[in-house]
Amino acid sequence: MATPRSSRWEDACIAAAVLAIDPKQVGGISLRSAAGPVRDAWIDICTQLFPRRTQFLRVPLNVGDDRLLGGLDLAATLQAGRPVAEQGILARAHGGVIVLPMAERYSPGVAAKIGCVLDRREVLLQRDGFDRRVASRFAVIALDEGIEPDERPPDSLLERLALHVDLNGLPLSVTAETGRLALYNISRARDELGRVRVADEVLGALCEVSIAFGVSSARGAWFALRVARALAALEGRDEVIEEDVATACRLVLAPRALVAPAAPPPQPAQSSPDQTAESQSAVQQPQEPHGDAAADESQSDAKGRPQQPDDDLRNSAGAQETDTSAQQPPDRSSPPAAGDPQPAGSLGDRVVAATKASLPVNFLGQCQPTRTQTNNSRQAGRTGSEHRSTSRGRPTGTRAGELRPGARVNIIETLRAAAPWQRLRRLASERAAANQPPPSATTKRREPRPSPLIRVSKDDIRTIRFTRRSRSTTIFVVDASGSAALHRLAEVKGAVELMLAESYVRRDRVALISFRGAAAQLLLPPTNSLVRAKRELASLPGGGGTPLAIGIDTARVLADSLKRRGESPIVVVLTDGRPNITRDGKGNRVRAEADAVSAARMMRINSIASLMVDTAPQPRVSTEQFAREMGARYVPLPYADAGTLASVVSQCGRQAHV
Amino acid sequence: MAFPFSAIVAQEETKQALLVAAVDPGIGGVLLFGDRGTGKSTTIRALAELLPPMRAVKECKYGCDPKNVAALCSDCRGRRRKGALASHVVPVPVVDLPLGATEDRVVGSLDLEQALSAGTKSFEAGLLARANRGFLYVDEVNLLEDHLVDLLLDVAASGENVIEREGLSVRHPARFVLVGSGNPEEGELRPQLLDRFGLSVEIRTPSDLKTRIEVIRRRDAYEREPESFVSEWTAANSDLRAKIKAARSALPDIVVPDAILERAATLCMQLGTDGLRGELTLIRAARALAALDGEDEVTDSHLRRIAPAALRHRLRRNPLDESGSTVRVERSLHELFGN
C-alpha cells in the first residue's frame with residue numbers, strides 16, 4: 001500500500017466522520033477488512049460519531065424479500081382479521097444505518113433491492129397484496145471480508161456507496177491514534193453543511209479526476225463533491241478548498257480507479273506532476289510524510305507499462321471508457337474544453353497527481369488485469385454454472401406453483417399462503433353447501449360433513465426451489481505436433497489423472513482432444529472415470545504439423561454441446577508453437593494463423609471459459625495475443641509438469657464457475 | 001419532485017427513444033442497457049412528469065379511453081350500454097415494477113382485506129392494470145424473477161391480462177410501453193425478452209469533460225434546491241410536452257415514401273435481422289420521429305437516426321465479425337446512405 005499505515009487509518013476515521021455528517025447523500029461506506037479488533041475499533045468510533053439514538057440494523061446475509069422489503073404479517077393478520085403489513089428491514093432503517101456483514105457474499109439481487117431504495121429514498125412494496133411506498137433514507141456500512149480481488153460486494157452496491165475504506169494489514173496499534181477526530185464537532189458540521197460553497201473549478205477538477213482514472217459512473221464525481229463539502233464543514237470552513245478536494249478524491253475516486261492516468265504529455269508536464277505532488281504533500285498534507293515517495297514509485301510504474309491496461313480493457317466487454325482515458329492527455333491540454341488556462345498548474349492536474357500518489361504501488365501491475373479478467377470469467381460463470389432446479393442442489397427460496405412430479409412442497413410456506421384465505425373459503429364452502437353448487441366452485445373437497453381444519457387450494461402450493469451447481473468438464477486441447485509433443489502429452493496425461501483423482505468428490509469430468517498433422521482427435525470423451533482415462537490414454541501418438549484451428553474448433557463443438565446440456569465446460573489449450581495447418585488441412589502458415597484466430601474468436605463469442613497454457617521455452621507475445629482473442633486466461637508454463645498444470649487448471653476452473 | 005426531463009444532460013439516444021415511444025406507444029417498449037450511473041432511472045421518472053395527460057373513464061380501474069370503444073374493459077362496456085361514460089383528465093401512468101414484487105401484485109389477485117374481513121371475493125387490480133395506457137418500468141430487468149418475466153412477455157404480447165386464480169376469472173386490457181433498464185454485467189437478457197422491446201439503447205457515460213461537469217452541476221443544483229431548479233425548467237418541459245402532443249396528432253398523416261420502405265428493407269436484409277419485426281419497428285419509429293420533428297414525410301435522416309435503436313438488439317451473432325452490434329448497424333448505414 002502506498003499510503004502509510006497511520007494515514008490509512010486516519011482516512012478511515014475521516015470517512016466515518018463524513019458518513020456521520022451527511023449519511024443520506026454519501027450512501028455509505030464499504031469497509032474492506034477481515035473481522036478483528038481493528039475493524040471493531042473502527043466500528044466503535046463510527047457508532048460514536050452518529051447522534052446517540054441512531055439505530056444500526058444488521059441485514060442478515062441470506063435475507064428473504066419478506067424480511068428485507070416487508071410483506072404480510074401473518075400472525076397479526078390472523079389475529080386482527082384484516083391484512084396487517086410487516087415492515088421490512090429497509091423501511092425500518094429510515095433515518096439510521098444498515099450494516100451488511102460479509103457484504104462480499106451478498107447476491108446481486110439483494111444488492112439491487114438495497115440499491116433501489118438508496119436511489120429512490122423510499123421502499124416500493126408490491127408484495128402479498130400490499131401496495132405501498134414507504135419513505136426510507138439510510139446509510140449503509142458494508143463489511144467486506146473478501147480476500148481475493150474478485151471477492152467483493154456486488155458492483156451495483158459498491159457503486160452506490162461513496163466511501164471505500166481498506167483496513168486490511170493495519171496493526172492494532174494504529175487504533176490508539178484518532179488524529180484530529182476528537183477536535184471535530186459533527187453536529188455543528190451537519191448544520192453547516194448546507195452553507196458550504198463550491199467553486200466551479202472544483203467541479204471541473206472532480207470530473208477531470210474521474211475521467212483520468214477511468215471512473216465512468218457519474219456517481220463518482222457526484223459523491224466526491226458531497227464528500228468534499230462534508231470535509232469542509234468538518235473543518236468549519238464555508239468553502240471547499242484544495243485539501244478537501246484532494247481528500248475526497250482519495251476517499252471516493254481512487255478506490256474506483258480502473259486505469260491509472262495516462263502518462264502526461266512529453267516534456268514540461270513530465271516533471272511538473274512530481275513537483276506539484278511534492279510541494280503539495282509538503283504544504284497541504286503535513287500528516288503524510290511518505291506521500292511523494294509513493295508518487296514516484298507509482299509513476300515510474302505507469303511509465304514502464306503505459307499501454308497494458310488499456311489493451312486489457314478493450315478486450316473485455318463493455319469497457320469503452322478506456323478510449324477516453326487513452327486520449328486524455330491531448331484533451332486535457334486543450335484549454336477550451338477543460339476551461340482552465342494553464343494546464344500544468346490547474347487544480348485538476350494537481351489533484352490527479354495527488355490521487356495517483358494515493359493508489360497502491362502495484363496498482364498497474366496487479367489490480368488491472370485481475371479486475372478485467374474476473375469480470376469476464378464472472379459473466380461466463382454466471383450464465384452457465386447455476387441452474388434453478390426443483391429437485392437437486394442447495395435450497396434457495398420457494399416459488400408458487402403446481403405440484404409437479406419431483407417438486408418438493410414447502411409445508412410452512414404453503415400453510416402461510418393458505419392462512420389468510422381460511423375465512424373466505426369457509427364461508428364459500430358453507431354457502432356452497434347451503435345452496436345448490438355455484439357455477440364456479442372453488443377447488444375443494446366435496447364431502448360436506450368433516451369440514452377440513454385448513455383449506456388448502458392449488459394456488460397456495462409453494463414448492464422449494466433449488467440452485468444446483470452444474471457439473472464442470474475440463475476439456476484439454478493438446479498440441480501433439482512437433483518434437484516436444486511426447487513430453488507434453490505425458491504431462492497432460494499426468495494432470496488429467498491427478499484432476500480426476502481430486503475431483504472425484506465434485507463429480508467433475510475431464511476430456512482430452514489432441515491435434516496433429518491435419519486433424520484433431522477426441523482421445524478421451526468426457527469422463528470422470530480414472531480407470532477409463534488411464535486405459536484410453538495408454539498410448540498417445542505425436543509428431544507432425546500444427547492444425548491449431550482444427551483443434552480449437554473441435555473443442556468448441558464439444559464445449560457447446562456440453563453447455564446445451566447445462567454443464568459448464570472449460571477449455572484448456574496447451575501449445576508451444578505457431579499454427580501451420582489450415583482448417584482444411586493444408587500447409588499454409590499465413591492462412592493457418594488466420595483460421596486459428598477466427599476459431600479463437602468463436603470461442604469468445606460463444607463465451608466459453610478457457611485457459612491458454614503456453615509451453616514454449618520462451619513465452620511468446622503472439623501466443624498471449626492469441627489468448628486474448630480467445631478471451632482466455634494466459635499462463636506461460638515452459639516446463640509444464642503434471643502437478644503444476646493440474647493446480648493451475650483447477651484454480652482457473654474455480655474462478656470461472658464460482 | 002422528479003428531476004426535469006429537459007434538464008437531463010446528453011443521453012440523446014435515450015431521450016429520443018422515450019419520446020418516440022411516447023408519441024407511438026405501439027412501438028413496443030424501450031430497453032436501456034448500459035453503464036452504471038448514467039441516470040437511467042432518473043430519465044424514466046422524469047418522463048412521467050413530461051407526458052401530456054390523458055382522458056380516462058371515471059372510476060375505471062384500468063383507466064380506459066372513452067373514445068377507444070374497442071379497447072374498453074368489460075365494466076366500461078357494461079356502463080356504456082346504460083349511458084355515456086363520464087370521463088376526466090388524468091396523468092399518464094408510469095408504474096414501477098420493483099424487484100421483489102410478488103406475482104399477485106403484478107397481475108392482481110383477490111382483495112385480501114375483503115376476503116379477511118367480509119369473507120367476500122373481489123378482484124384487486126395489480127400493477128399491470130395500473131400501467132394500462134401508460135408505461136411499465138422495470139429497473140434491473142435482467143435480475144427480475146423468471147416467472148415474472150414470462151408473465152410480462154405474455155401480457156405485453158397480447159395486450160390483455162387474464163387472471164384465473166382463487167376462483168376468480170377476470171380479464172382486462174393491459175396495453176403498456178414496457179421500459180426496462182439494466183447493466184449487462186449483471187447478466188444478459190433472455191433473447192425472447194430482448195426481442196419484445198421495440199427500441200434498445202446502449203447507454204454510455206459521456207466522455208467529454210464539459211458534459212460531465214454539467215451533469216454534476218445540475219444534479220447538485222437539483223439536490224440543493226429542488227423547487228427552484230424544477231421551476232427553471234418548467235418552460236422547457238412544457239415546450240417538449242406540446243411537441244409530443246402535436247406529434248401524436250400528426251402521426252396518422254405522416255407519409256412514408258416507397259424509397260424509404262425499400263431502404264429500410266435493404267438495411268434489414270444487409271444486417272440479417274430476424275423476422276419482420278425489426279423492419280416494421282424501424283419504419284414505425286421513423287414515422288414517430290418525423291412527427292416529432294414536425295415534418296410530414298419520413299426522410300433518410302429519420303431512418304438513420306432511429307435505425308441503431310430499432311435494430312441493434314435483433315442482429316444475429318456473427319462469428320466472423322466480432323464488433324459490437326452498434327458498430328455493425330452504423331457500418332451498414334454508412335454503406336447504404338454514404339456519408
Side-chain angles (χ1 to χ4, degrees), chain A residues 25 65 68-69 77 81-83 108-109 112-113 116 119 124 126-131 155-156 159 203-204 206-208 210-211 216-222 225 317-318 320-321 323-324 331 337-339 375 379 382-383 388 399-400 420-421 423-424 427 440 442 457 459 598 601-602 604-605, chain B residues 34-39 41 96-106 109-117 119-121 124 126-127 139-140 143 145-147 165-167 169 183-188 204-210 212-213 215-217 219-220 223-224 317-320 322:
Chain A
Q25 292 281 8
D65 283 348
L68 191 68
L69 302 166
T77 299
R82 62 184 169 75
K113 284 163 205 158
C116 180
D119 281 358
L124 290 188
Q126 291 290 350
R127 298 179 52 77
D128 303 340
F130 290 105
D131 167 20
D155 288 337
S156 64
E159 154 88 16
L203 281 185
L206 292 174
C207 292
E208 244 178 275
S210 21
I211 291 179
S216 71
S217 166
R219 286 198 186 92
W222 160 250
L225 173 65
Q320 296 85 354
E321 294 325 307
D323 287 22
T324 59
D331 255 0
N375 272 349
Q379 213 162 319
R382 179 161 303 138
T383 47
R388 295 266 159 79
R399 58 162 300 165
W421 309 109
R423 178 163 176 192
L424 175 69
L427 286 174
S440 68
T442 41
S457 86
D459 299 312
S598 105
R601 285 184 183 160
M602 285 289 277
R604 199 173 82 202
I605 286 167
Chain B
D35 295 345
R36 291 198 179 83
T38 41
S41 316
D96 270 283
L97 170 53
L99 290 182
T102 52
E103 198 178 317
D104 59 298
R105 280 304 307 147
V106 177
S109 73
L110 214 53
D111 186 332
L112 196 60
E113 177 112 43
Q114 290 284 320
L116 277 170
S117 52
T120 55
K121 266 189 233 169
E124 190 185 12
L127 295 176
D139 193 8
E140 311 274 5
L143 293 179
E145 294 270 359
D146 273 350
H147 65 276
R165 56 193 290 172
E166 281 289 349
S169 181
N183 183 302
E185 276 169 38
E186 310 276 3
E188 299 284 334
R204 306 258 182 81
T205 317
S207 54
D208 76 299
L209 185 62
K210 234 180 172 173
R212 284 174 77 148
I213 293 177
V215 170
I216 304 295
R217 197 200 307 275
R219 170 88 199 259
D220 192 42
E223 292 283 344
R224 286 165 75 88
R317 281 185 167 179
N318 180 354
L320 299 176
E322 44 134 19

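Chain naming here is simple, since letters A, B, ... match the order of the sequence lines and numbering starts at 1 in each.
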For chain A, find which of B/D220, B/V106, B/D139 contributes the most heavy-atom pairs closer than 4.5 angstrom.
B/D220
Gap separating the CG atom of A/L225 from the CZ atom of B/R219, nearest 0.5 angstrom:
10.0 Å
Go through the atoms of A/L203 and report whether side chain, backbone, both or neither lie under 4.5 Å from a heavy atom of chain B.
both
Side chain, backbone, both or neither of B/L99 within contact of chain A (heavy atoms, under 4.5 Å)
both
Got A/C207 and B/I216 here, is their nearest side-chain heavy-atom distance under 4.5 Å?
yes
Test of understanding: with side-chain hydrogen bond (donor to acceptor under 3.5 Å, both in side chains), list the residues that count as partners of B/D96, not counting sequence neighbours.
A/R120
Check whether any side-chain N or O of A/R127 sits under 3.5 Å from a backbone N or O of B/G100 as a donor-acceptor pair, and report yes or no.
yes
Assess whether side-chain contact (heavy atoms from CB on, under 4.5 Å) is satisfied between A/D155 and B/R36, documenting all intermediate values.
CA-CA 9 Å; A/D155 288 337; B/R36 291 198 179 83; 3.5 Å; yes
From A/E208 atom CD to B/I213 atom CD1, the distance as rounded to the nearest 0.5 Å
7.0 Å
Between A/L68, A/D131, A/T77, A/L69, which residue shows the highest count of heavy-atom pairs closer than 4.5 Å to chain B?
A/D131
Heavy atoms only: give me the nearest A/G129-B/D104 pair and the separation to one decimal.
N-OD2, 2.7 Å
Chain B contact via A/L124 - side chain, backbone, both or neither, heavy atoms under 4.5 Å:
both
For B/T102 and A/D128, indicate whether the former's side chain and the latter's backbone hold a donor-acceptor pair under 3.5 Å.
yes
Compare every heavy atom of B/G37 with every heavy atom of A/S217, then report the nearest pair and how far apart it is.
OG-CA, 3.3 Å
Side-chain contact test, heavy atoms from C-beta onward, threshold under 4.5 Å: evaluate it for B/R212 versus A/S210 and give yes or no.
yes
Below 4.5 Å from any heavy atom of chain A, which atoms of B/L127 appear? Answer side chain, backbone, both or neither.
side chain
